[in-house]
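See below for the structure under consideration.
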Amino acid sequence: NVEIDNSHYVYSVTELLKFHYCPQLYYLNSILGLQGIGEECMTEPHTDEGEDENRLNDDEIPGQELGNIVHRVFKKYEFPEDNLNGYIKKELSIYNLDTNQESVDLVANWVNSFYNSDIGKEVLISEWYKRERSFIFNHRHNLIRGQIDLFYPNEKGAIKIIDYKANDITIDEIPEKVKLYQLQMQLYARALETIYGQKVDEAILYFLVPDKPVVIDTTKEACRELDSTLDNFFRVHKNGDFEKVSSQKCEWCEYKTIC
């Protein structure tokens with residue numbers, strides 16, 4: 001094994017999640033920079049990120065572009081401005097997508113549903129809120145960067161984090177998705193507590209479909225897996241021991257032919 005010196009590198013939350021999913025996938029993708037066959041979703045088959053665009057109807061928005069558009073609209077739009085449809089059409093055009101009314105209504109309904117929810121109303125009356133905010137924080141002399149969709153203080157001054165998910169899923173599929181994103185939310189909470197020196201009250205995954213918020217446990221006890229992942233992540237960068245995690249996931253991994 002060759003020791004890798006990344007002491008001046010700023011790691012991303014996405015890289016940490018890849019490593020948590022499979023250290024060898026992370027090594028092949030993020031360190032060696034190898035392109036996987038088909039570049040399918042790293043987490044599971046048939047999600048919006050791994051969607052086969054050739055099977056979409058002409059007026060449908062591919063999943064990855066849809067997620068990007070939703071985040072860009074949430075970043076720029078101030079509820080309840082009258083020009084929400086204008087924001088959406090502009091973002092659709094940026095991605096060279098059809099600006100038909102059905103596509104506009106789809107995104108508009110998600111945005112309006114969020115801001116009309118209890119959480120959305122709490123955001124609007126908060127003292128301040130920050131959207132699509134990038135961060136870098138120091139974890140034991142290692143820098144980690146990421147971007148949080150939305151955070152704001154509650155009535156007691158503690159921070160609440162919101163991460164929008166535009167996956168087209170059912171209520172029954174939410175628990176499995178929560179398992180995928182739990183570490184991400186815990187890491188966001190750790191970052192904000194480190195940067196602002198304030199307690200994170202809640203970290204919430206907001207599934208725009210089916211309009212369901214889920215609170216992620218960010219207590220010290222719940223974050224043991226996060227701590228273990230961080231320790232292992234930085235340890236293997238010193239010894240180069242990026243082991244393969246063999247499981248059913250390997251069946252749809254884009255590196256299965258070379259791993």
Side-chain angles (χ1 to χ4, degrees), residues 41 43-126 128-133 147-154 160-182 184-185 188 202-216:
C41 175
T43 51
E44 60 180 331
H46 311 308
T47 63
D48 53 358
E49 294 91 343
E51 197 165 18
D52 182 358
E53 297 183 15
N54 294 326
R55 293 164 51 197
L56 295 172
N57 295 327
D58 290 339
D59 59 350
E60 288 185 294
I61 308 174
Q64 187 171 356
E65 282 84 352
L66 179 58
N68 290 336
I69 289 166
V70 169
H71 280 80
R72 288 170 65 94
V73 172
F74 269 116
K75 178 180 181 180
K76 299 177 181 179
Y77 173 67
E78 295 288 349
F79 186 87
E81 289 182 12
D82 294 331
N83 58 342
L84 173 57
N85 286 2
Y87 277 100
I88 297 170
K89 288 181 179 179
K90 181 179 179 180
E91 297 304 331
L92 288 169
S93 298
I94 289 174
Y95 286 89
N96 295 316
L97 296 170
D98 193 346
T99 57
N100 64 75
Q101 195 60 44
E102 185 177 353
S103 296
V104 172
D105 289 344
L106 174 68
V107 178
N109 288 338
W110 290 355
V111 174
N112 286 320
S113 292
F114 172 77
Y115 280 115
N116 285 311
S117 69
D118 290 342
I119 293 174
K121 292 174 182 176
E122 185 179 58
V123 172
L124 294 173
I125 64 172
S126 63
W128 54 263
Y129 55 87
K130 299 184 184 295
R131 299 180 295 187
E132 300 292 333
R133 186 57 58 97
Q147 181 169 282
I148 299 175
D149 292 348
L150 171 69
F151 62 94
Y152 62 97
N154 64 10
K160 299 186 78 165
I161 301 172
I162 308 294
D163 193 82
Y164 316 112
K165 297 301 180 186
N167 311 70
D168 186 7
I169 61 174
T170 65
I171 286 283
D172 293 338
E173 294 174 289
I174 286 180
E176 192 62 31
K177 290 292 183 183
V178 168
K179 291 179 184 178
L180 296 175
Y181 301 129
Q182 177 174 292
Q184 173 190 4
M185 299 303 289
Y188 285 170
E202 286 184 325
I204 300 171
L205 285 169
Y206 200 101
F207 293 93
L208 298 169
V209 179
D211 193 22
K212 174 73 172 178
V214 177
V215 178
I216 301 300

Under the ring-ring contact (aromatic ring centres under 6.0 Å, His included) test, residues paired with Phe114 that sit two or more places apart: Phe74, Tyr164, Tyr206

Working to the nearest 0.5 angstrom, can you tell me the gap between Asn100 CG and Leu106 CG? 10.0 Å

Approximate separation, where rounding is to 0.5 Å, of Ile69 CD1 and Leu92 CG: 4.5 Å

Applying side-chain contact (heavy atoms from CB on, under 4.5 Å) to Lys165 and not counting sequence neighbours gives Asp163, Asn167, Tyr181, Gln184, Leu205, Phe207

Would you please name every residue forming a salt bridge (Lys or Arg N to Asp or Glu O under 4.0 Å) with Glu173, sequence neighbours left out? none

If you count every heavy atom of other residues, nucleotides or ligands that lies below 6.0 Å from Lys130 atom NZ, does the total exceed 12? yes

Just one of Asp168, Ile174, Thr170 clears the side chain to side chain contact (heavy atoms under 4.5 Å, CB included) bar with Pro210, so which one? Ile174

Not counting sequence neighbours, list each pair that qualifies as a salt bridge (charged side-chain N to carboxylate O under 4.0 Å, His left out) and has a residue in residues 80-97. Arg72-Glu91, Lys76-Glu91

Restricting to side-chain hydrogen bond (donor to acceptor under 3.5 Å, both in side chains), what partner residues turn up for Asn85, sequence neighbours left out? none

Quick one: CZ on Arg131 to CD1 on Ile148, what's the gap to the nearest 0.5 Å? 15.0 Å

Taking side-chain contact (heavy atoms from CB on, under 4.5 Å) as the test, write out the residues that go with Asn116, two or more places apart. Phe79, Asn112

Of all heavy-atom pairs between Pro153 and Ser126, which one has the smallest distance, and what is that distance? O-CB, 3.7 Å

Taking side-chain hydrogen bond (donor to acceptor under 3.5 Å, both in side chains) as the test, write out the residues that go with Gln147, two or more places apart. Glu132, Ser134

Non-hydrogen side-chain atoms of Leu84 and Val73 separated by less than 4.5 Å: yes

Can you tell me which residue pairs pass the ring pair (Phe, Tyr, Trp, His ring centres under 6.0 Å) test with a partner in residues 85-112, sequence neighbours excluded? Tyr77-Tyr87

For the student: nearest non-hydrogen atoms of Gly67 and Ala166, plus distance: CA-CB, 4.2 Å

Hits for side-chain hydrogen bond (donor to acceptor under 3.5 Å, both in side chains) against Glu122, two or more places apart or cross-chain, chain-then-number order -> Tyr152, Lys160

